[in-house]
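Counting from 1, the numbers follow the sequence of the chain as shown.
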Amino acid sequence: MYERIRPDEINALPLIAFEGEIALIETKEDGDNAVKEILKGDSILGFDTESKPVFKKGIIQRLALIQLSNGNKTWLFRVLKCGIPDTLAQLLSDESILKIGLAITDDGKKIHHDFGITTKGLLDISTLSNECGYIENGLRNLTARVLGYRISKAQQTSNWEAEELSEAQQIYAATDAWLGRELYQTLLNEKLAGDYSEV
């Protein structure tokens, strides 16, 4: 079992963010075209969602963003603007397409609550990280422990319902989805190699 990484150790690590192409999807037509492009590639996708933060109890915001990443490109679906096109709904409900992230069951529940779509093919990274002996929780801690980088969470509580998403918001959202895929691949390789040595 690995020791838990300390906050000062995380802060000493180099910063990482998604550097690939980011596609902002705000219309149904763009959504259909994005799904066609996604389906031409890998069936393993990083996955995440964002909603406007709530600072009062009892208030629940609708889902604002769904992020999907194939490692080289990340698509940000602004579902408050374009809804969930039928093509995207089919992708989300396709068991053969892996959608990977952290606390991903909650994302699936949110999509079902807001849009009535059942998301299948979900894989929570924490299941794999636990099997590899990591005790960290959360994307920031796991990214530090597994990949050796720190990530910025400065945009986490920003307004995801804004008329226009800032470049910083887009990079943050893309990074979260991309890291789901990166962590999965790294952990899977570690598991297959049987590298559970003490550190």
Side-chain angles (χ1 to χ4, degrees), residues 4-26 45-71 73-82 84 92 99-115 119 122-127 129 134-184 186-187:
R4 191 181 299 277
I5 194 166
R6 302 189 312 270
D8 62 303
E9 292 177 304
I10 296 176
N11 291 333
L13 294 172
L15 194 65
I16 193 173
F18 180 65
E19 296 181 349
E21 184 180 353
I22 298 174
L24 198 60
I25 311 301
E26 298 186 322
L45 300 171
F47 174 70
D48 195 25
T49 68
E50 303 292 344
S51 298
K52 184 178 179 180
V54 177
F55 301 104
K56 292 183 179 179
K57 290 183 179 180
I59 298 176
I60 300 175
Q61 297 286 4
R62 281 181 63 83
L63 194 70
L65 198 68
I66 293 177
Q67 305 105 275
L68 293 168
S69 179
N70 67 4
K73 184 171 181 176
T74 301
W75 294 264
L76 309 180
F77 293 85
R78 301 202 69 188
V79 294
L80 279 183
K81 289 193 170 189
C82 65
I84 295 184
L92 292 172
K99 298 99 182 168
I100 304 167
L102 273 171
I104 204 166
T105 301
D106 294 336
D107 294 314
K109 288 179 179 177
K110 183 67 174 171
I111 291 172
H112 187 269
H113 177 272
D114 289 356
F115 294 94
T119 308
L122 297 176
L123 192 151
D124 196 314
I125 301 165
S126 62
T127 301
S129 65
Y134 296 101
I135 57 177
E136 274 76 19
N137 295 310
L139 191 62
R140 178 176 166 84
N141 288 350
L142 270 177
T143 299
R145 172 58 84 191
V146 178
L147 301 179
Y149 290 95
R150 64 183 170 90
I151 56 173
S152 170
K153 304 299 283 185
Q155 297 298 318
Q156 185 173 25
T157 57
S158 61
N159 181 12
W160 296 103
E161 296 181 7
E163 183 61 28
E164 293 186 9
L165 294 183
S166 67
E167 182 181 4
Q169 283 180 302
Q170 293 182 44
I171 292 172
Y172 170 88
T175 298
D176 274 9
W178 167 68
L179 281 173
R181 192 175 186 278
E182 292 296 302
L183 284 166
Y184 168 77
T186 301
L187 288 166

>> Please report the interatomic distance CZ(Arg78) to CD1(Ile66), rounded to the nearest 0.5 Å.
In response: 13.0 Å

> If you look at every heavy atom in Leu102 and Ser126, which pair is closest and at what distance?
Replying inline: CD2-N, 3.8 Å

> Any sub-3.5 Å donor-acceptor pair from Glu182's side-chain atoms to Gly46's backbone N or O?
Replying inline: no

>> Taking side-chain hydrogen bond (donor to acceptor under 3.5 Å, both in side chains) as the definition, give me every residue that meets it alongside Glu164, ordered by chain and number, with sequence neighbours left out.
In response: none

>> Strictly distance-based, threshold 3.5 Å: is any side-chain N or O of Lys99 a donor or acceptor partner for the main-chain N or O of Leu92?
In response: yes

> Taking 4.0 angstrom as the limit, do Asp48 and Arg181 come out as a salt bridge?
Replying inline: no

> Minimum heavy-atom separation for Ser69 to Thr74, with atom names?
Replying inline: OG-OG1, 2.9 Å

> Between atom CG of Leu187 and atom CD1 of Ile100, what is the distance when rounded to the nearest 0.5 Å?
Replying inline: 10.5 Å

>> Please check: side-chain N/O of Gln155 versus main-chain N/O of Ala168, any donor-acceptor pairing under 3.5 Å?
In response: no

> Do Phe77 and Leu63 come close enough that some side-chain heavy atom pair is under 4.5 Å?
Replying inline: no

> Roughly how far, to the nearest 0.5 Å, is the CG atom of Leu147 from the OG1 atom of Thr186?
Replying inline: 5.0 Å

> Can Ile125 and Tyr134 be said to form a side-chain contact (heavy atoms from CB on, under 4.5 Å), step by step?
Replying inline: CA-CA 11 Å; Ile125 301 165; Tyr134 296 101; over 6 Å; no

> Do any pairs count as a salt bridge (charged side-chain N to carboxylate O under 4.0 Å, His left out) and have a residue in residues 100-112, sequence neighbours left out, and if so which ones?
Replying inline: Lys110-Asp114

>> Please find the pair of heavy atoms, one from Leu68 and one from Ala177, that lie closest to each other, and give the distance.
In response: N-CB, 4.5 Å

>> Is it the case that the side chain of Glu136 and the backbone of Ile5 share a donor-acceptor pair, with hydrogens and angles ignored and the cut-off at 3.5 Å?
In response: yes

> Which heavy-atom pair separates Leu13 from Arg150 by the least distance, and what is that distance?
Replying inline: O-NE, 2.7 Å

> Has the side chain of Glu26 got a donor or acceptor atom that lies under 3.5 Å from a matching backbone atom of Lys81?
Replying inline: no

> Just wondering, more than 12 heavy atoms not from Glu19 lying within 6.0 Å of its CD?
Replying inline: no

> For Ile151, does its backbone N or O pair with a side-chain atom of Arg140 as donor and acceptor, under 3.5 Å?
Replying inline: yes

> From Leu123 CG over to Thr105 OG1, what is the distance, rounded to the nearest 0.5 angstrom?
Replying inline: 10.0 Å

>> Measuring from atom CD of Gln61 to atom CD of Glu161, what distance do you get when rounded to the nearest 0.5 angstrom?
In response: 5.0 Å

> Of the non-hydrogen atoms in Ser158 and Pro53, which two are nearest, and what is the gap between them?
Replying inline: O-CD, 3.0 Å

> Could you state the interatomic distance from CH2 (Trp75) to CD (Gln67), rounded to the nearest 0.5 Å?
Replying inline: 13.0 Å

> In this structure, which one of Leu80, Val79, Thr49, Leu165 forms a side-chain contact (heavy atoms from CB on, under 4.5 Å) with Leu65?
Replying inline: Leu165

>> Are Leu139 and Leu183 packed together at the side-chain level, in the sense that at least one heavy-atom pair is separated by less than 4.5 angstrom?
In response: yes

> Nearest heavy-atom pair of Asp124 and Ala103: which atoms, and what distance?
Replying inline: OD2-N, 3.1 Å

> Any ring-ring contact (aromatic ring centres under 6.0 Å, His included) pairs touching residues 137-160, not counting sequence neighbours?
Replying inline: Trp160-Tyr172

> Considering only heavy atoms from C-beta outward, does the side chain of Leu76 approach that of Ile25 to under 4.5 Å?
Replying inline: no

